[in-house]
Amino acid sequence: MMSVKDNAKKFWDLFCSLENEIKDGLVHQNYEILNKDVEALDDLCYEMTGCHFFVENLYDEFECTFDTGPNKTCQLVAQFFAQMAPQTIKRNWIINDCLPPLSSKALMATVKIKDTDYTIQDFFVSYGIDENQNMVHAKVYCPGYYLIDNTENKKEMSMYLLELALGETSYEAYLSSIDYIDECKEVESFCPIYEFYDKLMDIVEKNHWQNYNSPLDIYSVYKPIQDITHDSLRKDMKMIFTTHPILLEETIENKNDVLADMESKGGEYGYIYYINLYGNEDDALIRQEISKKINQQLQKNLIGKVIGGSIGKSYSYIDLAIYDSKVFTIVFNKIKRQLDDQVELFYQSFQAKN
């Protein structure tokens with residue numbers, strides 16, 4: 001099987017071969033050729049990454065977007081694909097590794113309710129701040145919602161439109177809850193949905209909330225509920241931080257879906273571990289320093305990314321997404337030698353079970 005890195009090279013080779021036709025199609029609105037070329041790229045992208053791909057030229061700039069949705073494996077692979085783009089493409093295109101706010105997909109979106117088509121201009125948001133979470137709750141209103149009996153359909157439609165309006169990063173980072181309303185009651189702040197991104201960013205800036213460049217920058221922190229009774233690998237964790245909560249949950253519960261998903265895309269999840277040096281709070285500082293050095297080497301060699309880790313009773317862990325396993329082995333041995341005077345490192349893959 002080809003690695004994620006091999007797949008990324010293949011994707012961009014196809015993009016480069018079609019680039020001039022795509023640009024011409026965007027500029028002159030030649031949709032017959034444009035749709036044919038983008039469909040070929042979208043099909044290949046979906047096969048390799050699990051996400052869709054589209055192009056646009058909003059505001060006289062060429063943009064291409066990997067539309068990942070919330071799937072963290074898709075987000076990781078798409079982010080890597082964006083990093084692997086040739087410099088000639090990076091100079092001429094804005095490359096979005098996840099859905100940005102108010103893309104052409106959002107502006108052209110239509111939702112049919114009964115026999116009427118509603119566009120993004122027909123949706124509105126009632127919102128308020130959840131101070132204790134540094135997040136915002138939102139309820140979406142549409143004049144046609146009262147015609148829909150199925151409440152789940154209305155909630156799913158509201159989530160879909162908010163994701164389009166905010167983009168994937170802000171959607172994941174700042175929304176604490178999403179619901180719908182059938183009647184336009186302005187009990188809280190209220191605005192058209194296409195203005196909600198600017199309103200939300202004003203709240204973030206005013207309240208000095210953390211800014212994120214990617215949904216993969218959003219960390220979750222956990223303390224296991226059970227008492228720590230084990231000294232063995234992955235059984236002794238007492239403080240966990242991750243950008244991929246589902247991977248964490250599945251590996252603890254010995255489940256397989258996330259691991260198999262990454263393997264199907266040519267990559268793997270794994271972790272570097274070592275015996276704690278001090279047995280006190282200094283271990284957290286050392287783990288952070290080692291994690292940073294490892295991530296720098298992975299990014300420099302374009303083979304992987306640190307996605308979290310944990311402090312255990314006996315061990316410390318640095319969790320990874322790997323995009324080229326063969327090259328990773330070489331680079332990991334180099335990292336081991338560099339840190340040999342500080343700590344002895346080991347690597348273990350989270351293998352998917354057949």
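The shortest distance between side-chain heavy atoms of Y315 and M237 does not fall below 4.5 Å. Using a 4.5 Å heavy-atom threshold, the side chains of Y145 and F123 count as touching. The shortest distance between side-chain heavy atoms of Y46 and L44 does not fall below 4.5 Å. In this structure, the side chains of T242 and Y222 come closer than 4.5 Å at one or more pairs of heavy atoms. At least one side-chain heavy atom of I22 sits under 4.5 Å from a side-chain heavy atom of L34. Looking only at side-chain heavy atoms (C-beta outward), D122 and I193 stay at 4.5 Å or farther from each other.
Environment of NZ in K10: sparse, with no more than 12 heavy atoms of neighbouring residues, nucleotides or ligands closer than 6.0 Å. No more than 12 heavy-atom neighbours from other residues, nucleotides or ligands sit within 6.0 angstrom of CD1 on I275. The environment of K90 atom NZ is dense: over 12 non-hydrogen atoms of other residues, nucleotides or ligands sit within 6.0 angstrom. Under a cut-off of 6.0 angstrom, the local environment of NZ in K114 is sparse, with at most 12 non-hydrogen atoms contributed by other residues, nucleotides or ligands. Residue E253 qualifies as enclosed at atom CD: its count of foreign heavy atoms under 6.0 Å is above 12. Heavy atoms from other residues, nucleotides or ligands lying under 6.0 Å from CD1 of I120 number more than 12. In the displayed structure, Q121 atom CD is contacted under 6.0 Å by more than 12 heavy atoms of other residues, nucleotides or ligands. With a 6.0 Å radius and a threshold of 12 heavy atoms from other residues, nucleotides or ligands, Q297 has its CD atom above the threshold.
Cluster membership for V140 and Y194, using ILVMFWY side-chain heavy atoms within less than 4.5 angstrom, is shared. Connection of V4 to F66 is established within a shared hydrophobic cluster, with ILVMFWY side chains joined at heavy-atom distances below 4.5 Å, either directly or through further cluster members. Using a 4.5 Å cut-off between side-chain heavy atoms of Ile, Leu, Val, Met, Phe, Trp and Tyr, with links allowed through other members, L76 and F81 fall into the same hydrophobic cluster. I322 and L302 sit in two unconnected hydrophobic clusters of ILVMFWY residues. Membership requires side-chain heavy atoms under 4.5 Å apart, directly or through other members. L248 and L259 fall within a single hydrophobic cluster, where Ile, Leu, Val, Met, Phe, Trp and Tyr are joined by side-chain heavy atoms under 4.5 Å apart, directly or via other members.
For V306 against Y219, the heavy-atom pair with the smallest separation is O-OH, 4.3 Å.
For an aromatic pair to be called close, the ring centres must be under 6.0 Å apart, and F11 with F53 satisfies this. For H244 and Y269, the distance between ring centers is under 6.0 angstrom.
Salt-bridge formation is not detected for the pair D282/R287: no Lys NZ or Arg NE/NH1/NH2 atom is positioned less than 4.0 Å from an Asp or Glu carboxylate oxygen. Between K293 and E289, at least one side-chain N (NZ, or NE/NH1/NH2) sits under 4.0 Å from a carboxylate O, which counts as a salt bridge.
To the nearest 0.5 angstrom, T251 atom OG1 is 11.5 Å from N256 atom CG. In this structure, CG on L277 lies 7.0 Å from CD on Q342, to the nearest 0.5 angstrom. Atoms CG and OH, from L200 and Y127 in turn, are 8.5 Å apart once rounded to the nearest 0.5 Å. Taken from SG in C74 to CG in D67, the straight-line distance is 10.0 Å, to the nearest 0.5 Å. With values rounded to the nearest 0.5 angstrom, N96 atom CG is found 11.5 Å from S214 atom OG. Rounding to the nearest 0.5 angstrom, the gap separating the OG1 atom in T49 from the CD atom in E47 is 10.0 Å.
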Taking distance alone, no hydrogens or angles, what donor-acceptor pairs closer than 3.5 Å link side-chain atoms of residues 331-340 to residues at least two apart or in another chain?
from : atom 1 : to   : atom 2 : distance (Å)
N333 : ND2    : T329 : O      : 3.2

Listing, residues 163-180 side-chain donor-acceptor contacts under 3.5 Å, not counting sequence neighbours, or none:
from : atom 1 : to   : atom 2 : distance (Å)
E172 : OE1    : K72  : NZ     : 2.6
E172 : OE2    : Q75  : NE2    : 2.8
Y174 : OH     : Q210 : O      : 2.5
S176 : OG     : D130 : OD2    : 2.3
S176 : OG     : V136 : O      : 3.4

Legend entry - Working for side-chain hydrogen bond (donor to acceptor under 3.5 Å, both in side chains), residues Y317 and D236: CA-CA 10 Å; Y317 307 93; D236 68 330; 2.5 Å; yes
Inset, instruction - Would you check, one step at a time, whether the test salt bridge (charged side-chain N to carboxylate O under 4.0 Å, His left out) holds for D13 with K9? - result: CA-CA 6 Å; D13 284 346; K9 290 177 181 177; over 6 Å; no
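Side-chain polar atoms of W93 and E61 form no donor-acceptor pair below 3.5 angstrom.
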